[in-house]
Amino acid sequence: MPSVWFELLATCPHTGARRGRLHTPHGMVETPAFMPVGTQGTVKTVGSEDLEALGFEQVLSNTYHLGLRPGSERIERLGGLHEFMSWKKSILTDSGGFQVMSLAQMLKIDDEGASFKSHLDGSLLHLTPERSIQIQGQLGVDISMALDQCPPYPASRDQVADAMRRTHLWAPRCLSARRQGQAVFGIVQGGVYEDLRVESASVICDLPFEGFAIGGVSVGEPTELQYPVVKYAAPLLPVNKVRYLMGVGHPKDILNAVSCGIDLFDCVLPTRMARHHALYTLNGRVNIMGKKWEEHNGPVDEGSVFPQTERYSAAYLRHLFKASEPLGARLASLHNLGFYARLMREIRESIVTQSWPELAERYRLA
RNA sequence: GGGGAGUUGCCCGAGUGGUCAAUGGGAACGGACUGUAAAUCCGUCGGCGGACGCCUACGAAGGUUCAAAUCCUUCACUCCCCA
């Protein structure tokens, strides 16, 4: 048995939704699942004990950022990333592929790899597929992502095809660079072009990865373009392996993708929105800085989510943000992560109880 | 009592004759954010009207000038120094 494997428990008869379990060295992840994003080994403003209390079973962290600071060798000497951030459950790391896009202006890329000029001090970080996998191995995470080239949106078909070709070139090199027992997920590229997605899936899914991801979405394309990609790309991935949609997304995007057969998600939205004073509720996103909350002496979201945040009034939360008190960002982060945790829990239940339409209706405004 | 500095839009603060409804900050109000260089970025911010514009504004009142936040006179208030 490989260190990471997927167990499909049920499939929704009406949609493509799947209920499953992702088994990792640091425990089981009930899917569909959402991973909070902890780029620098921390889900901003919340601690590992909070993530446990919220019920998350896997977090995402980042190869590029941790490789640069404090360095993967140091983290390895300190006992690995789990030990470093005192997180006992599963960790998946992004390979740095997203930074190939987001930090493109300080990057040189060729078939060999990507050379970053560090955003911290200008020093050079050479990220090859081998080095990316090596760093993730040193971090000791449960799941490493293959290094890919994630093209931005908009990008020409030629650029997308070129990024895909390079991603395919790198995929086998990632597999041969892994440590004994290191699980690696492959990434399908191809942008918004169906034929490229088909080609990419056939290449990537032919390789012995432990799981498969759809990359290159949620990079700025409109929803009307993202949904079709997920719809035709998800079924191209093996049924018996976990399917991960990278970087998604809004609650409605997650609902859509689950119904297309996606099992795993990550997104900065709940935590970033929280720091930008936006709170998720079943009635839509709320800007807690808004004047209307000035004297609202009750929680923003009645009947919400995380007891630790429900005790605080909207007026108080607004005040914390107005006064730039860090507690505001923290409470809002807990609130939003609580919202996402509940969303995923209800998604999992709905697949089993076959109450998908009711669920979709419940989150209609979210 | 004598000498000096000052009073600008919600606040701080530039501006010393026309290009000023007035630079910059902050506050306030609104918006964006999807594998995090993001507790960030963008917009509005005297009133009315679509733009052009008109009205009211730079302590108060008068004056000089084609033209004043800017120059002169008086008054009010604030701060500093010397007695």
Side-chain angles (χ1 to χ4, degrees), chain A residues 34-46 58-66 68-69 92-107 116-122 125 132 136 143-153 167 185-189 213-223 225-227 229-230 244-254 256-257 262 264-278 280 285-294 318 320-333 336 340:
Chain A
F34 179 82
M35 297 180 278
V37 176
T39 302
Q40 310 217 55
T42 159
V43 176
K44 295 184 193 298
T45 77
V46 311
Q58 188 167 47
V59 298
L60 176 143
S61 196
N62 188 277
T63 301
Y64 168 83
H65 291 278
L66 292 179
L68 225 47
R69 178 175 62 189
L92 176 151
T93 36
D94 184 33
S95 57
F98 185 77
Q99 281 66 41
V100 169
M101 174 191 70
S102 67
L103 302 177
Q105 63 270 41
M106 26 186 127
L107 165 129
F116 290 92
K117 218 173 153 188
S118 158
H119 70 281
L120 297 173
D121 62 3
L125 178 77
S132 174
Q136 298 180 76
I143 297 164
S144 308
M145 296 304 299
L147 185 66
D148 63 336
Q149 183 178 356
C150 179
Y153 182 91
T167 299
F185 284 9
I187 303 174
V188 171
Q189 285 291 343
I214 297 171
V217 297
S218 65
V219 289
E221 80 284 1
T223 299
L225 289 180
Q226 181 193 115
Y227 284 19
V229 171
V230 177
Y244 166 30
L245 183 61
M246 305 185 77
V248 171
H250 289 107
K252 63 179 189 319
D253 298 344
I254 291 176
N256 171 262
I262 299 291
L264 194 56
F265 300 89
D266 79 280
C267 192
V268 304
L269 275 176
T271 45
R272 180 184 291 169
M273 287 303 120
R275 277 174 281 118
H276 297 173
H277 39 79
Y280 285 92
R285 229 165 55 193
V286 155
N287 175 10
I288 194 62
M289 284 277 240
K291 197 172 176 56
K292 60 182 288 200
W293 301 104
E294 230 167 12
R318 179 179 192 272
L320 293 176
F321 274 107
K322 287 287 177 191
S324 302
E325 283 291 341
L327 181 61
R330 173 176 157 73
L331 293 178
S333 296
N336 284 349
Y340 270 64

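We use all heavy atoms of the structure for the numbers below, so side chains are in, but hydrogens, waters and symmetry mates are not. Quantities reported herein were computed from a predicted structural model and do not represent experimental measurements.
- For A:M35 and B:rU34, the CE to P distance is 17 Å, given to the nearest whole Å.
- Side-chain proximity of A:K44 to B:rG31, B:rG35, B:rA38: nearest is B:rA38.
- Within 4.0 Å (heavy atoms only), A:T45 reaches no atom of the nucleic acid at all.
- Residue A:F321 contributes atom CZ, which lies 17 Å from atom C1' of B:rC29 at whole-angstrom precision.
- In this structure, a donor-acceptor pair under 3.5 Å is absent between the side chains of A:Q226 and A:N256.
- Distance NZ (A:K322) to C1' (B:rA39): 14 Å, rounded to an integer number of Å.
- Pairing for B:rU64 is absent, judged as Watson-Crick or G-U wobble with the two contacts each under 3.5 Å.
- For the C1' atom pair drawn from B:rG25 and B:rC79, the interatomic distance equals 24 Å after rounding to whole Å.
- Atom NE2 of A:H65 and atom C1' of B:rG35 are 11 Å apart (whole Å).
- For the 3.5 Å distance criterion, the side chains of A:Q189 and A:T167 fail to qualify, holding no donor opposite an acceptor.
- Among the protein residues, A:R285 comes within range of the nucleic acid bases, having at least one heavy atom under 4.0 Å from a base atom.
- Taking the side chain of A:K291 as heavy atoms from C-beta on, and the options B:rC33, B:rA37, B:rG30, the nearest nucleotide is B:rG30.
- Distance from the side chain of A:H277 is smallest to B:rU40 among B:rU40, B:rG35, B:rU34.
- To the nearest whole angstrom, the two C1' atoms, one in B:rA21 and one in B:rC72, are 26 Å apart.
- Out of B:rU34, B:rA39, B:rG35, the shortest distance to the side chain of A:L60 is found at B:rG35.
- A stacked arrangement is not assigned to A:H250 and the six-membered base ring of B:rU34, the conditions of a centre distance below 5.5 Å and an interplanar angle below 30° not being jointly met.
- Between A:K292 atom NZ and B:rA28 atom P there is a gap of 18 Å when expressed in whole angstrom units.
- Across all strands shown, A:N62 has heavy atoms under 4.0 Å from sugar-phosphate atoms exclusively, and none from any base.
- The separation of B:rA60 from B:rC11, taken at their C1' atoms, amounts to 22 Å, rounded to a whole angstrom.
- Pairing for B:rA51 is absent, with no Watson-Crick or G-U wobble pair whose two atom distances lie under 3.5 Å.
- In this model, no side-chain donor or acceptor of A:N287 finds a partner on the base of B:rG30 within 3.5 Å.
- Considering only side-chain N and O atoms, A:Q99 lies nowhere under 4.0 angstrom from the phosphate OP1 or OP2 of B:rG35.
- For A:R272 and B:rU34, the shortest distance from a side-chain N or O to OP1 or OP2 is below 4.0 Å.
- Rounded to the nearest 0.5 Å, atoms CE (A:M101) and CG (A:D148) are 10.0 Å apart.
- Atom P of nucleotide B:rU34 and atom CG of A:N256 are separated by 18 Å, given to the nearest angstrom.
- B:rU36 makes up no base pair with any nucleotide shown, lacking Watson-Crick or G-U wobble contacts both under 3.5 Å.
- Spacing between B:rG31 and B:rU56 at atom P, rounded to whole Å, works out to 35 Å.
- Along RNA chain B, the nucleotide nearest to A:Q226 and the one nearest to A:S324 differ in position, and the one closer to the 5' end is contacted by A:Q226.
- Using a 4.0 Å heavy-atom cutoff across all strands shown, A:L120 reaches no nucleic acid atom at all.
- In summary, the side chains of A:H119 and A:Y64 do present a donor paired with an acceptor at a separation below 3.5 Å, with no hydrogens or angles considered.
- A:M273 comes within 4.0 angstrom of a nucleotide base, judged by non-hydrogen atoms across all strands.
- Counting any heavy atom pair closer than 4.0 Å across all strands shown, A:Q189 reaches a base atom.
- When the C1' atom is compared between B:rU44 and B:rA27, the two are found 14 Å apart, to the nearest whole Å.
- Proximity of A:T39 to the phosphate of B:rU36: a side-chain N or O atom is located under 4.0 Å from OP1 or OP2.
- Within the 4.0 angstrom heavy-atom criterion, only backbone atoms of the sugar-phosphate kind lie near A:G290; the bases stay farther away.
- B:rA38 sits 31 Å from B:rC45 when the P atoms are compared, rounded to a whole Å.
- Between atom NE2 of residue A:H277 and atom CG of residue A:L320 there is a gap of 13.0 Å, rounded to the nearest 0.5 Å.
- Both distances falling under 3.5 Å, in either a Watson-Crick or a G-U wobble arrangement, occur for no nucleotide opposite B:rU16.
- Figure legend. B:rG59 is base-paired to B:rC75; pairs are counted as Watson-Crick or G-U wobble with both atom distances under 3.5 Å.
- Pairing for B:rG1 is with B:rC82, a Watson-Crick or G-U wobble pair whose two hydrogen-bonding atom distances lie under 3.5 Å.
- A:D253 comes within 4.0 angstrom of a base, heavy atoms only.
- Separation of the P atoms belonging to B:rC52 and B:rC42 is 24 Å when rounded to the nearest angstrom.
- You won't find any donor-acceptor pair under 3.5 Å spanning the side chain of A:S102 and the base of B:rU36, going by distance alone.
- Checking the phosphate oxygens (OP1, OP2) of B:rC29, a side-chain nitrogen or oxygen of A:R318 falls inside 4.0 Å.
- The base of B:rA37 is paired with the side chain of A:Q105 by a donor and an acceptor separated by under 3.5 Å.
- The base-pairing partner of B:rA28, taking Watson-Crick or G-U wobble contacts with both distances under 3.5 Å, is B:rU44.
- Here A:M106 lies in heavy-atom contact (under 4.0 Å) with a base.
- The distance from the OG atom of A:S95 to the CE atom of A:M246 is 6.0 Å, given to the nearest 0.5 Å.
- Shown here is A:K252, whose NZ atom has more than 12 heavy atoms of other residues, nucleotides or ligands within 6.0 Å.
- Only the C1' atoms considered, B:rG17 is 9 Å distant from B:rU65, to the nearest whole Å.
- Per the geometry, CZ belonging to A:F34 stands 8 Å off P belonging to B:rG35, to the nearest Å.
- Classification of the A:F34-A:Y340 ring pair by plane angle, with boundaries at 30° and 60°, yields tilted.
- The backbone N or O of A:G38 lies less than 3.5 Å from a partner atom in the side chain of A:S61, making a donor-acceptor pair.
- Regarding A:H276, its NE2 atom lies at a distance of 15 Å from the P atom of B:rG31, rounded to whole Å.
- Heavy-atom distances to RNA chain B give each of A:V43 and A:M289 a nearest nucleotide, and the one nearer the 5′ end belongs to A:M289.
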